[in-house]
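Order of the sequence lines fixes the chain letters, A, B, ..., with proteins taken first and strands second; residue numbering starts at 1 for each chain. All values below were derived from every heavy atom in this structure, side-chain atoms included, with hydrogens, water molecules and symmetry-related copies excluded.
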Amino acid sequence: MDVSTLLTGLNEAQREAVSVPPGNVLVLAGAGSGKTRVLVHRVAWLIQVCGFSPWSILAVTFTNKAAGEMRGRIETLLGLPIGGMWVGTFHGLSHRLLRSHWKEAALPDHFQVMDADDQLRLVRRVLKHLDLDETRWPPKQAQWFINGEKDAGRRPQQAEDRDPTRRQLQRIYQEYEDACRQTGCVDFAELLLRSYELWRQHPQLLEHYRTRFQQILVDEFQDTNSIQYAWLRLLAGERDNLFVVGDDDQSIYGWRGAQVQNLRDFRHQYPQAQLLRLEQNYRSTSRILKAANAVIACNPGRLGKTLWTQGGEGEPIRLYAAFNEVDEARFVIERLRQHLAQGEKGSGVAILYRTTAQSRLFEEALIQAQIPYRVYGGMRFFERAEIKEAMAYLRLIVNADDDASFERVIATPPRGLGVKTMDTLRDHARLKRCSLWTAAVTLLRDLGLPARTSLLLTRFLELIERMRRDIQGLDLAEAVEKTIAASGLAEYYAQSKDGKGQDRIENLDELVNAARQYVYEGEEDEYPLLQGFLAQSVLEAGEMQEGEAADRVQLMTLHSAKGLEFPLVFIVGLEEGLFPHSMSSMDPSRLEEERRLCYVGMTRAMHRLYLSYAETRRLHGSETYPLPSRFLREIPPELVEEIRPRAQISRPLYQARPYHPVVEDQTGFRLGQQVLHPTFGEGVILDAEGQGSSARVQVKFATAGSKWLVVAYAKLQAR
DNA sequence: GACAGTCCTGTTTTT
DNA sequence: CAGGACTGTC
């Protein structure tokens, strides 16, 4: 292959990034600037020009999808398979390391990976063990704390924490760790922390991987958390071989530990590192880009980068002020129809929203309009109850100490063993510090159970052991099939009356299919097939049943839209409290993240961008009167065409509410009316009561929340 | 032990 | 409104 083709078709900045001499490189790549392209060509360049073997290259991505795409594109470009190259997510790569070196990592050879759901169950159990009240110590919060600590690279602190709350959380963390060890399970964060520690504690192993991986590339660097960054630095050592690509303006995962700071730190950590910028955008019209730039410019402390394009100005951005959320959906469908009538493809259209709950209205409207669509996210295949149950049987077969699976499986299908038996088992397991399986075995042996329970429990244990024997020597798909049948799951669902039984059976069949298609991806036989399959189902829960082919309109949250592009984009629900979300609007740094999310959303659009908000929205069952999102006001008015004409965009975006019943009462204000308060700022009248000097109104303020104010004292000004 | 009815609380999501 | 957790009855 001719080396020059590696650089043709690239712009100046991209060429420079691809061909820069090996060394530490930081590429700041704006949205739509050809980031993936640069990474792919860079790998090809390292192999073809610099003479690195694929075997000596490591590429880390954030999602499995990105990893798969990168591998595919590199192989297409080079025209040869690059099996020896490691391409994967931080978690996938760490998992692989731990499977290979389970002994050094102090894990059992059959260790299992827990997903977030399993983890939460385990946390619940731990809280129960510690006899802590779940209302005082919400399991979700404890889980959050544990993951936060692990993401920061911290083990349970033995040292007394000053803060009693933290001290208690540390105790929970410690107990949780013990439970993990006991059951041979590792959570997502543990994969990273454990492999990091593996390298720290075994210098010869680290040396081995350092020798092997001569070049390390990292995608979406702005999404890395502390432990991931530490992991990278440890592996890289002092060798100047990190090529990282990121965009601080697209950091939208701070809420789960990602540190934009890493991007900024990189330059301090590696002062010699080359800093390159990709600022030419190939995706959007200049109007869309200008608008997105204007919004993101409101964030302070950016690394600085302004996207530009040679493309045309394009159409104006269109803004629709819907009367309510139903009208908003109606409007989107109307415009969507016009678009499709022009012969455009549905798959080139995305409807983006802030929260998953918003998808429903659009789904209903699309069904009614008979427009095919696809919703991203939501319940993923491997997260469905019936799939998790079948997998739990398999996990229990592989690892009898996996308590999470034991608990999941013992009552499905119902076999007369319920809460009471489980309580006995749990107590015993806790006392003896052993797994539920071992507890069951010892209790049976010591005749510590009522006769009936004893019989049922024995049957259950024998069932699992029989299954273990029966799948010996079977291939993966047969083993899965056999497990589904022998467990009684198939029969149980066939008889279920809730109407979902048939779906569930079909999903179980699909699971057998997935097992049939499972291909082991590692080198040689690093570990048994079944274990690889089990781990993959946890690590890549969403990758199944993509079903791309059909031409459908795409519905997704703004978060999952990152990395994608569409000729036509609708961003809906641009309202204070929804986007930016109310949970984020008090904290400046989280508000900035919301703004980046808005920037990400806008820059998904290639040709057309529609923005909309509703003046009234039904939320949690009651009517709300949100203010238009502040992000709308950050867009220069001249770029926007308002569909329902009203005053200037820089002036209030909201005024008349003709479709809302006007309830003028003694307070002198009507519901939904815009008001101004000297200290709280802009707000909307939500409710009113009383009369004369005791008349009060409830006002929802843009920033100060909602308050009841006495009309006679509050200097409320109608606007 | 299983199931039905009531209470309560509402981000974003990949691994 | 709606899904999940929890409580009380058969």
### Task
Show your reasoning for whether side chain to side chain donor-acceptor pair (under 3.5 Å) applies to A/Q358 and A/T355.
CA-CA 6 Å; A/Q358 287 167 262; A/T355 67; 3.0 Å; yes

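Scanning atom types as modelled, no donor and acceptor separated by under 3.5 angstrom connect the side chain of A/R256 and the base of B/dT12.
Between A/Y229 and A/F90, the gap from one ring centroid to the other reaches at least 6.0 Å. With ring centers used as reference points, A/W255 lies 6.0 Å or more from A/H581. For A/Y376 and A/H559, the ring centers are positioned 6.0 Å apart or more.
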## Note on the structure
Each nucleotide of nucleotides 5-10 of chain C classed B (base within 4.0 Å of a protein heavy atom), S (only sugar-phosphate) or -, in 5' to 3' order, makes SS----

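Comparing the C1' positions of C/dA5 and B/dT12 gives an interatomic distance of 23 Å, to the nearest angstrom.
Ionic pairing of A/D115 and A/K388 is present here: one or more N-O contacts between side-chain nitrogen and carboxylate oxygen are shorter than 4.0 angstrom.
Residues A/S359 and A/T356 have side chains that never bring a donor and an acceptor to within less than 3.5 angstrom of each other. No side-chain donor-acceptor contact under 3.5 Å links A/Q250 and A/Y599.
A/F90 comes within 4.0 angstrom of nothing in the nucleic acid, heavy atoms only. Among the heavy atoms of the strands lying under 4.0 Å from A/S584 is at least one base atom, whether or not backbone atoms are also near. Nucleic acid contact for A/E594: base, since at least one base atom lies under 4.0 Å from a heavy atom of the residue. Looking at heavy-atom distances under 4.0 Å, A/R360 makes contact with sugar-phosphate atoms alone, never a base.
Look at CZ on A/R452: it is 8 Å from P on B/dG1, rounded to the nearest Å. What separates CG of A/N225 from P of B/dT14 is a distance of 16 Å, to the nearest Å. As rounded to whole Å, 11 Å separates atom C1' of B/dT14 from atom NZ of A/K562. Here B/dG1 presents its C1' atom at 12 Å from CG of A/D423, a figure rounded to the nearest Å. One atom, OH of A/Y376, and another, C1' of B/dT14, lie 15 Å apart when rounded to the nearest Å. Here the P atom of nucleotide B/dT14 and the CH2 atom of A/W255 are 8 Å apart, to the nearest Å.
In the set B/dT15, B/dA2, B/dT13, B/dT13 carries the atom at the smallest distance from any side-chain atom of A/Y253. Comparing B/dG1, B/dA2, B/dT13 against the side chain of A/T421 picks out B/dG1 as the nearest. Closest to the A/H91 side chain, of the nucleotides B/dT15, B/dT13, C/dA2, is B/dT15. The nucleotide whose nearest atom lies closest to any side-chain atom of A/H620 is, among B/dT15, B/dT12, B/dG10, B/dG10. Checked against B/dG1, B/dA2, B/dT13, the side chain of A/K420 finds its nearest nucleotide in B/dG1.
Going from atom CG of A/L539 over to atom CZ of A/R96 covers 12.5 Å, rounded to the nearest 0.5 Å.
Using a 4.0 Å cut-off, some side-chain N or O of A/T356 falls inside it from OP1 or OP2 of B/dT12. Considering only side-chain N and O atoms, A/N64 lies under 4.0 angstrom from the phosphate OP1 or OP2 of B/dT15. Neither OP1 nor OP2 of B/dT14 sits under 4.0 Å from any side-chain N or O of A/T89. Side-chain nitrogen and oxygen atoms of A/T557 include at least one within less than 4.0 Å of the OP1 or OP2 phosphate oxygen of B/dT13.
Using a 4.5 Å cut-off on side-chain heavy atoms (C-beta onward), A/N399 and A/F111 make no contact.
Remark: side-chain polar atoms of A/R408 are not paired, donor with acceptor, to backbone N or O of A/E389 under 3.5 angstrom.
Two residues, A/H559 and A/A116, neighbour DNA chain B, and the one matched to the more 5' nucleotide by heavy-atom proximity is A/H559.
Stem regions for DNA chain B, each three or more consecutive Watson-Crick or G-U pairs with both distances under 3.5 Å and listed by first number, read B:1-10 with C:1-10.
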